Amino acid sequence: QVQLVESGGGLVQPGGSLRLSCVASDITLEHYATAWFRQAPGKEREGVSCISPISDSTYYKDFVKGRFTISRSAAENTVYLQMDNLNPEDAAVYYCATGYGAGCWGDWFGMDYWGKGTLVNVSS
């Protein structure tokens, strides 16, 4: 069964950095689009970044562009999200997602498998 497990969250001061990891089982991430989403308390879930198997292209929402970097390790079957210059608005539970028919174009469709999330708290 497909399983995604996120890790790397924690408490960081504004301006600090964290690296999130998404480790997959029973699916090979290098063949499928994989995305990071986040959800803050009382808010809707929103997309953050996506990496495509097509030319390993990366996509970012405007509010993280220039601060976050998504990457993948085929050997580790893991997708990462490097987060720099964090601000309090970045505080949320971060989820990774993928699917056999997933894509990073448009609305980042086909995300059929999700992890349980890792909590990021940004506070001074």
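Everything numeric here is computed off the predicted structure, so don't read it as measured data.
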message: I'd like to know if Leu18 and Tyr95 are part of one continuous hydrophobic network [Ile/Leu/Val/Met/Phe/Trp/Tyr, side-chain heavy atoms within less than 4.5 Å].
response: no

message: Are Met83 and Val12 connected into the same hydrophobic cluster when the rule is that any two of I, L, V, M, F, W, Y join if their side-chain heavy atoms are below 4.5 Å apart?
response: yes

- line: Heavy-atom nearest pair, Ala97 first then Phe37, reads CB-CE1, 4.0 Å

- prompt: For the residue pair Ala40 and Ala91, what are the closest heavy atoms and their distance?
  reply: CB-O, 3.6 Å

If you look only at distance, which donor and acceptor atoms sit under 3.5 Å apart when one is on a side chain in residues 25-33 and the other is two or more places apart or in another chain?
residue, atom, partner, partner atom, Å
Asp26, OD2, Gln1, N, 2.7

- prompt: Can you name the side-chain hydrogen bond (donor to acceptor under 3.5 Å, both in side chains) partners of Arg67, sequence neighbours left out?
  reply: Asp90

- prompt: salt bridge (charged side-chain N to carboxylate O under 4.0 Å, His left out): which pairs involve residues 40-51, sequence neighbours left out?
  reply: Arg38-Glu46

Report all side-chain donor-acceptor pairs from residues 106-124 shorter than 3.5 Å, counting only partners two or more places apart or in another chain.
residue, atom, partner, partner atom, Å
Trp108, NE1, Cys104, O, 3.0
Trp114, NE1, Met111, O, 2.8
Thr118, OG1, Gly9, N, 3.1

With a cut-off of 3.5 Å and sequence neighbours excluded, list every side-chain donor-acceptor pair involving residues 52-65.
residue, atom, partner, partner atom, Å
Ser52, OG, Ile54, N, 3.1
Asp56, OD1, Arg72, NH1, 2.8
Ser57, OG, Ile54, O, 3.2
Tyr60, OH, Ile70, N, 2.9
Asp62, OD1, Lys65, NZ, 3.4

message: Looking at Glu6 and Cys96, would you say the former's side chain and the latter's main chain have a donor-acceptor pair under 3.5 Å?
response: yes

- request: Would you give the length of the straight line joining atom OG1 of Thr98 to atom CD1 of Ile51, rounded to the nearest 0.5 angstrom?
  value: 11.0 Å

- prompt: How long is the span from the OH atom in Tyr94 to the CG atom in Leu81, to the nearest 0.5 Å?
  reply: 7.5 Å

Partner set under side chain to side chain contact (heavy atoms under 4.5 Å, CB included) for Arg19, not counting sequence neighbours: Tyr80, Gln82

